[in-house]
Amino acid sequence: MEEAVAKSETNIDQIRARIAASRRQVAGGVQGLTATVHPTAVKNQAVYEARTFANDSYESAKNAFIDESGPRWDRIGTVVLAVAGVAVLGLSVRGLVRAIRG
């Protein structure tokens, strides 16, 4: 009989320890979830992702026009000529529209 009482006390202690461990685990999970979905955490994550995207885009564009030997004038010239061409086209269309209306 004493063995049964000792076993049941041990079992009760083990059960209590398991329950306490489960409570700690659930509490940690809830705290982690709360930290993840908290509006400030969501905002901070969005800001971090936006900054990372902007920095990566900037570096990619910079690398397209500047390499280890310096500026890539062929690409810079191409972009300048393209912008000038679009400006001339826009001004030409504007002049044609004014000539047709007036």
Side-chain angles (χ1 to χ4, degrees):
M1 180 80 165
E2 290 178 22
E3 285 182 29
V5 171
K7 282 185 179 179
S8 81
E9 285 178 6
T10 302
N11 288 339
I12 290 173
D13 291 339
Q14 289 174 346
I15 291 170
R16 286 181 179 153
R18 287 182 193 158
I19 290 172
S22 294
R23 283 183 182 160
R24 285 190 300 273
Q25 185 178 8
V26 168
V30 169
Q31 287 174 348
L33 180 62
T34 302
T36 303
V37 299
H38 191 275
T40 302
V42 172
K43 178 198 68 148
N44 290 341
Q45 182 64 27
V47 167
Y48 172 77
E49 289 174 1
R51 284 184 178 165
T52 301
F53 175 76
N55 189 42
D56 291 346
S57 298
Y58 169 76
E59 287 299 322
S60 176
K62 179 181 163 188
N63 290 336
F65 294 100
I66 300 174
D67 59 10
E68 53 277 342
S69 62
R72 297 196 56 182
W73 293 109
D74 57 331
R75 291 188 179 180
I76 294 171
T78 303
V79 170
V80 168
L81 288 174
V83 169
V86 169
V88 168
L89 178 65
L91 291 173
S92 298
V93 169
R94 183 177 173 197
L96 286 172
V97 169
R98 283 187 175 178
I100 292 172
R101 288 186 180 172

Side-chain donor-acceptor pairs of residues 87-102 under 3.5 Å, sequence neighbours excluded:
from, atom 1, to, atom 2, distance (Å)
S92, OG, V88, O, 2.8

Notebook entry, point to check: How would you list, by chain and number, every residue that makes a side-chain contact (heavy atoms from CB on, under 4.5 Å) with I15, sequence neighbours excluded?
Noted result: I19

Mind listing the side-chain donor-acceptor pairs of residues 54-62 below 3.5 Å, one per line with the distance, residues two or more places apart or on another chain?
from, atom 1, to, atom 2, distance (Å)
S57, OG, F53, O, 2.9

Next item on the list: Just jot down the side-chain contact (heavy atoms from CB on, under 4.5 Å) partners of V83, sequence neighbours excluded, or say none.
Entry: V79

Notebook entry, point to check: With sequence neighbours excluded, what pairs up with E49 under the side chain to side chain donor-acceptor pair (under 3.5 Å) test?
Noted result: Q45

Donor-acceptor list for residues 64-75 side chains, cut-off 3.5 Å, not counting sequence neighbours:
from, atom 1, to, atom 2, distance (Å)
D67, OD1, S69, N, 3.1
D67, OD1, S69, OG, 2.9
D67, OD1, G70, N, 3.3
R75, NH1, A64, O, 3.0

Item checked: T40: side-chain contact (heavy atoms from CB on, under 4.5 Å) partners, not counting sequence neighbours -> H38, N44

